[in-house]
Chemist: 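Structure incoming, see below.
Each ligand, and each atom within it, is numbered from 1 in the order the structure gives.
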Amino acid sequence: MGSERRGDGRRRPARYSALTLLRRGLTASPWPRSWQAHELKPSYDVVIVGAGVHGLAAAYYLAVNHGITDVAVLDKGYIGGGGSGRNTAILRSNYLTPEGVRFYQRSLTLYQDLAAQLNFNVMFSRRGHLTLAHTDASLRTMRWRAEVNKLQHVDSEVIGPEEVKRLAPYLDVTSRVRYPILGALYHPPGGIIRHDAVNWGYARGADARGVHIHQDTEVLGIDVGAGRVQRVRTSRGDIATPVVLNCTAGWATTIADMAGVGLPIITHPLQAAVTEPVKMFLHTVVVSGSLHVYVSQTDRGELVFGASVDPYPSYSTRGSLEFIEELAGHVLELMPSIARLRLLRQWAGLCDMTPDYSPIMGVTPVDGFLVDVGWGTYGFKAGPVSGEAMAELVATGKTPELIAPFALSRFGAGALVGEKGAASVGH
Ligand SMILES: Cc1cc2nc3c(=O)[nH]c(=O)nc-3n(C[C@H](O)[C@H](O)[C@H](O)COP(=O)(O)OP(=O)(O)OC[C@H]3O[C@@H](n4cnc5c(N)ncnc54)[C@H](O)[C@@H]3O)c2cc1C
C-alpha cells in the first residue's frame, strides 16, 4: 500500500490495480507507505484536530477541491482510533427532517463513487435498510419519514410484515412475540461499508497531496487573541495558524473549551459486538428502535450488533456485561434461530450527543475556530459530505447552504433540527 515520489519531488499514491499487483509481485518491489511521518512545522495555514473520517475527509477535500495543502491533521492517538474505527459502518439517508435528508443523501452519493475516487476498495455494499415498527406510534413516524424522504427524491417506503419476511426471512414476524413487527421503513439505498478502508483511503489521498498527518500529537491548548485563533499548543510543540477545525467527536467539548467556546454536547459511550462468521443469511440491515438493537452481516459473515448509547455520560471505552445481556435478549426476540451463535468480541466508542440529534457545523464566536462535531451515533455516514462542506467553508469563508441549518447559533435562536425520530435506535 502507499505512495511514491514523482520527478518533481511531490508524491502520488501508488496505483492499486491488478496490473500493478502483478508487476510488483513479479519484480518483488514492496509497496510504499500509505502516509508519511513529518516533523511538526512551526506554522500551517489550517490545523485540523482529529484524524477520524471527518478530519481526514476535510483535509482531503481542502487539497483536492481547493488546492489548499499547507494543512496539519493532529491526533493524540492514531488514524481512525476514535469512533471512525469503532463504528458499525451503516450508511443511509432516510432521516426525518428535509435538512437532514438532503445532507445525508449528498454523503451517500459521495460514498457511492468513493472507491474509484480514492483508488481504494472501501467495500460499499448497498443492501437495503429496514427500520422495524413495533407500535402504532413508530409506524406513524415511519410514514412521516417516508413522505419526507420521497419529497427529497430519496427511495423509502413503508412495507408490511410479509414484505419484511421476504427481505429478511430469519426475522420472527409472527404475533406470538412480545413486540410484534407491524411493518417497517424500507430504504433500498442503505448499506454498509468498510470503515477502516474509508479512513485509510482519505488519509492516503490527503498525504499524497501534501497534507501532514501527525499521529501521537495531542492538542493541549489553543491560544486566542483579539477574538481570533492564534496558535495551537501540542505535545510536540506549538503551531501558529489562523484556522483550527475541531473534528474530535467524543472529545469535542474538551477542544472547544480550550478556545473558550461552549458546545451543547454531552459525551456518552456506545457499545457494539460481533459474532463468529457464518454463511451469509442476512441480506439487509435491520434496525429496531423499540428493542434498542440493530444488526447487519459483513461480507466475512460476522453479525455486527449495535444498540443505544450507555445511559450515563462518560469517556470510558470499556465494554460491559449489562450491554451484552440486554443485547442478546433483544436480538433473540427478533431472530430466535441464532441462539447458538457465539459472540467474538465487544467494544465501545464515544458519542458526542446534541439536544436535537443533529450535528454542529460551521463558525463559532471565535474567528478561525470552526467545528464539525455533534456526530452522536450517526456521524460515520456523514464523513464525505462534512469533509466537502467544511473544506468549502475554510476555502471560501462562506457557509455552504447544505450545512447552514446545523450552525451552532441555532441553539440560541431556538431553530433546532429535531432528528430524534430518525436516530437508528431509541436513546
Ligand atoms: C459503537 C459505535 C457504532 C457506531 N455506528 C455508526 C454507524 O453505523 N453509522 C454511522 O454513521 N455512525 C456510527 N457511529 C458514529 C461514528 O462512529 C462517529 O460519529 C464518527 O466516526 C465520528 O467521526 P469523527 O471523525 O468526527 O471523530 P472520531 O473518529 O471519533 O475521531 C476523533 C479523533 O480526535 C482525536 N482527539 C481527541 N482529543 C484530541 C486531542 N486533544 N488532541 C488530538 N487529537 C484528539 C481522537 O484521538 C480521535 O482519533 C458509531 C459510533 C460507535 C462508537
Chemist: Is the Trp375 ring parallel, tilted or perpendicular to the Phe103 ring (thresholds 30°, 60°)?
Modeler: parallel
Chemist: Looking only at the aromatic ring of each residue, does the gap between the centers of Tyr202 and Tyr61 stay below 6.0 angstrom?
Modeler: yes
Chemist: Would you say the side-chain atoms of Gln105 and Ser93 include a donor-acceptor pair closer than 3.5 Å?
Modeler: yes
Chemist: May I ask whether Gly306 has any heavy atom positioned less than 4.0 angstrom from an atom of ligand 1?
Modeler: no
Chemist: If I apply the N/O under 3.5 Å rule, does Val53 come out as touching ligand 1?
Modeler: yes
Chemist: Considering only heavy atoms, does Ala348 approach ligand 1 within less than 4.0 Å through its side chain, its backbone, both, or neither?
Modeler: neither
Chemist: Which residue and non-hydrogen atom of the protein lie closest to atom 4 (C) of ligand 1, and at what distance in Å?
Modeler: Asn87 CB, 3.2 Å
Chemist: I'd like to know if the side chain of Thr267 and the backbone of Tyr315 have a donor-acceptor N/O pair within less than 3.5 Å.
Modeler: no
Chemist: Rounded to the nearest 0.5 Å, how far does CG of Asn94 lie from CE of Met142?
Modeler: 9.0 Å
Chemist: Note the single closest protein heavy atom to atom 52 (C) of ligand 1, along with its residue, its atom name and the distance in Å.
Modeler: Leu270 CD2, 3.5 Å
Chemist: Below 3.5 Å, N or O to N or O, backbone or side chain included: is there any such pair between Ser84 and ligand 1?
Modeler: yes
Chemist: Of the protein's non-hydrogen atoms, which lies at the shortest distance from atom 48 (C) of ligand 1, and what is that distance?
Modeler: Asp75 OD2, 3.4 Å
Chemist: Within the structure, does Thr254 bring an N/O atom to less than 3.5 angstrom of an N/O atom in ligand 1?
Modeler: no
Chemist: If we set the cut-off at 4.0 Å for heavy atoms, which region of Tyr104 has an atom near ligand 1: side chain, backbone, both, or neither?
Modeler: neither
Chemist: Verify the distance criterion only: is there a donor paired with an acceptor across the side chains of Arg236 and Thr217 at less than 3.5 Å?
Modeler: yes
Chemist: Please check: side-chain N/O of Asp207 versus main-chain N/O of Gln36, any donor-acceptor pairing under 3.5 Å?
Modeler: yes
Chemist: Within the structure, does Asp372 bring an N/O atom to less than 3.5 angstrom of an N/O atom in ligand 1?
Modeler: no
Chemist: Working to the nearest 0.5 Å, report the span between CE of Met258 and CG of Leu220.
Modeler: 6.5 Å
Chemist: What atoms in ligand 1 come closer than 4.0 Å to a heavy atom of Gly376?
Modeler: 15 (C), 19 (O)
Chemist: In the protein, what heavy atom is nearest to atom 9 (N) of ligand 1, and what distance, to one decimal place, separates them?
Modeler: Ile90 O, 3.1 Å
Chemist: Side chain or backbone, does Tyr378 bring an N or O within less than 3.5 Å of an N or O on ligand 1?
Modeler: yes
Chemist: Classify the side-chain pair Asn87/His195 by whether it contains a donor and acceptor separated by less than 3.5 Å.
Modeler: no
Chemist: Between ligand 1 and Gln271, is the shortest N or O to N or O distance under 3.5 Å?
Modeler: no
Chemist: State the atoms of ligand 1, each with its element, that fall below the 4.0 Å cut-off from a heavy-atom position in Tyr294.
Modeler: 3 (C), 5 (N)
Chemist: Pairing donors with acceptors under 3.5 angstrom, does anything connect the side chains of Arg127 and Ser125?
Modeler: yes
Chemist: Using a plain distance cutoff, I'd like to know if Lys76 has any nitrogen or oxygen under 3.5 Å from a nitrogen or oxygen of ligand 1.
Modeler: yes
Chemist: By number and element, which atoms of ligand 1 are closer than 4.0 Å to a non-hydrogen atom of Lys381?
Modeler: 9 (N), 10 (C), 11 (O)
Chemist: Any idea which atoms of ligand 1 are less than 4.0 Å away from a heavy-atom of Thr217?
Modeler: 43 (C)
Chemist: Would Gly379 count as a polar contact of ligand 1, with the cut-off being nitrogen or oxygen pairs under 3.5 Å?
Modeler: yes
Chemist: For atom 41 (N) of ligand 1, what is the closest protein heavy atom, and at what distance to 0.1 Å?
Modeler: Val219 O, 3.2 Å
Chemist: For atom CD of Glu163, is the number of surrounding heavy atoms from other residues, nucleotides or ligands below 6.0 Å larger than 12?
Modeler: yes
Chemist: Where's the contact between Cys247 and ligand 1, heavy-atom distance under 4.0 Å: side chain, backbone, both or neither?
Modeler: backbone
Chemist: Establish, yes or no, whether the cationic atom of Lys41 lies under 6.0 Å from the six-membered ring centre of Tyr44 and within 45° of the ring axis.
Modeler: yes
Chemist: With a 3.5 Å cut-off and no angle check, do the side chains of Tyr104 and Glu419 form a donor-acceptor pair?
Modeler: no
Chemist: For ligand 1, which atoms, with element, lie under 4.0 Å from some heavy atom of Arg86?
Modeler: 1 (C), 2 (C)
Chemist: Hey, which atoms in ligand 1 end up nearer than 4.0 Å to a heavy atom of Trp251?
Modeler: 30 (O), 37 (C), 38 (N), 46 (C), 48 (C)
Chemist: Under 3.5 Å, side chain of Thr253 to main-chain N/O of Ile265, donor-acceptor pair present?
Modeler: no
Chemist: Can you tell me how far the CD1 atom of Ile193 sits from the OH atom of Tyr111, to the nearest 0.5 Å?
Modeler: 5.5 Å
Chemist: Considering non-hydrogen atoms of the protein only, which is the closest contact for atom 12 (N) of ligand 1, and what is the distance?
Modeler: Phe380 N, 3.2 Å
Chemist: Any N or O of Ala382 that comes nearer than 3.5 Å to an N or O of ligand 1?
Modeler: no
Chemist: Is any N or O atom of Gly250, backbone or side chain, closer than 3.5 Å to an N or O atom of ligand 1?
Modeler: no
Chemist: For His212 and His38, indicate whether the former's side chain and the latter's backbone hold a donor-acceptor pair under 3.5 Å.
Modeler: no
Chemist: What protein heavy atom lies closest to atom 26 (O) of ligand 1? Include the residue and the distance to one decimal.
Modeler: His54 CD2, 3.3 Å
Chemist: In ligand 1, which numbered atoms sit nearer than 4.0 Å to a non-hydrogen atom of Ala272?
Modeler: 1 (C)
Chemist: Could you check whether any side-chain N or O of Asn246 sits under 3.5 Å from a backbone N or O of Ala252, counting only pairs where one atom can act as donor and the other as acceptor?
Modeler: yes
Chemist: Nearest protein heavy-atom contact for atom 14 (N) of ligand 1: which residue, which atom, what distance?
Modeler: Thr377 O, 3.3 Å
Chemist: Any atoms of ligand 1 less than 4.0 Å from a non-hydrogen atom of Ile255? List them with their elements.
Modeler: 40 (C), 41 (N)
